[in-house]
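Taking it in order: structure first as structure tokens, then the write-up.
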Amino acid sequence: MAISCQGFLKQFDDARTTEITKPAILSQIDNRASSLRADTVNTGLDVRAQADFKYSNGVVSTLCLGKFGMQKDGIRLKSDETLVNLLVPYESLN
């Protein structure tokens with residue numbers, strides 16, 4: 001059964017969460033995610049990690065990661081190792 005981004009926390013209710021609030025890290029993640037192309041071929045995503053980014057203006061952005069792709073704020077993106085490596089140091093993805 002594939003897990004959707006919306007269903008991730010329901011399916012993995014014991015998932016650990018870590019807030020990413022440092023402006024420098026958020027900027028790096030935003031810049032990298034903005035440089036990625038939308039994945040219009042693969043529509044399904046089996047989510048295995050989720051990261052929520054909380055900005056000082058109150059905006060919350062969600063990035064969901066699967067084995068073969070990712071989704072940021074509802075937009076399916078091609079998988080990107082550099083973006084994943086930016087997130088690896090955070091406990092919720094280990």
Side-chain angles (χ1 to χ4, degrees):
M1 171 175 85
I3 308 301
S4 69
C5 195
Q6 296 81 4
F8 179 78
L9 291 177
K10 291 177 189 169
Q11 183 67 29
F12 298 104
D13 58 352
D14 60 343
R16 294 172 293 172
T17 59
T18 299
E19 287 185 11
I20 299 173
T21 57
K22 292 181 181 178
I25 299 297
L26 292 171
S27 179
Q28 286 180 313
I29 291 167
D30 276 343
N31 290 340
R32 188 65 191 180
S34 296
S35 73
L36 300 178
R37 290 186 287 168
D39 187 348
T40 57
V41 176
N42 299 307
T43 56
L45 181 64
D46 189 14
V47 175
R48 292 296 175 232
Q50 179 176 319
D52 292 327
F53 309 102
K54 297 183 179 185
Y55 298 90
S56 59
N57 63 0
V59 172
V60 177
S61 182
T62 301
L63 177 69
C64 293
L65 306 167
K67 186 173 183 179
F68 301 108
M70 55 186 59
Q71 175 180 313
K72 185 171 187 291
D73 299 328
I75 299 171
R76 185 79 156 80
L77 302 170
K78 293 187 181 281
S79 190
D80 182 72
E81 196 68 27
T82 300
L83 182 55
V84 171
N85 287 335
L86 287 170
L87 299 169
V88 166
Y90 294 93
E91 185 176 331
S92 63
L93 297 178
N94 291 333

Subject >> For Y55, all residues meeting ring-ring contact (aromatic ring centres under 6.0 Å, His included), sequence neighbours excluded >> reply: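 Expected list: none.
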Original post:
With F53, which residues qualify under ring-ring contact (aromatic ring centres under 6.0 Å, His included), at least two apart?
Top reply: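 F53: no ring-ring contact (aromatic ring centres under 6.0 Å, His included) contacts found.
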Subject >> Contacts of S56 that satisfy side chain to side chain contact (heavy atoms under 4.5 Å, CB included) - sequence neighbours left out >> reply: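 None.
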How long is the span from the [atom1] atom in [X] to the [atom2] atom in [Y], to the nearest 0.5 Å?
X: L45; Y: I3; atom1: CG; atom2: CD1; answer: 10.5 Å
X: I75; Y: R37; atom1: CD1; atom2: CZ; answer: 15.0 Å
X: R32; Y: L86; atom1: CZ; atom2: CG; answer: 8.0 Å
X: L87; Y: Q28; atom1: CG; atom2: CD; answer: 10.5 Å
X: Q11; Y: R48; atom1: CD; atom2: CZ; answer: 7.5 Å
X: D30; Y: I25; atom1: CG; atom2: CD1; answer: 11.5 Å

Original post:
What residues, two or more places apart in sequence or in another chain, satisfy side chain to side chain donor-acceptor pair (under 3.5 Å) together with N31?
Top reply: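 Not a single residue meets the side chain to side chain donor-acceptor pair (under 3.5 Å) criterion with N31.
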Without placing hydrogens or testing angles, list every side-chain donor-acceptor pair under 3.5 Å for residues 62-72, not counting sequence neighbours.
{"residue": "T62", "atom": "OG1", "partner": "D52", "partner atom": "OD1", "Å": "2.9"}
{"residue": "K72", "atom": "NZ", "partner": "S61", "partner atom": "OG", "Å": "3.1"}

Subject >> Path from L26 to V60 over hydrophobic side-chain contacts below 4.5 Å >> reply: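 The answer is no; the residues belong to distinct hydrophobic clusters.
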Original post:
Are L77 and V41 grouped together when hydrophobic residues (ILVMFWY) are joined by side-chain heavy atoms under 4.5 angstrom apart?
Top reply: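 No.
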Original post:
Who passes salt bridge (Lys or Arg N to Asp or Glu O under 4.0 Å) against K78, sequence neighbours left out?
Top reply: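 Partners of K78 under the salt bridge (Lys or Arg N to Asp or Glu O under 4.0 Å) test: none.
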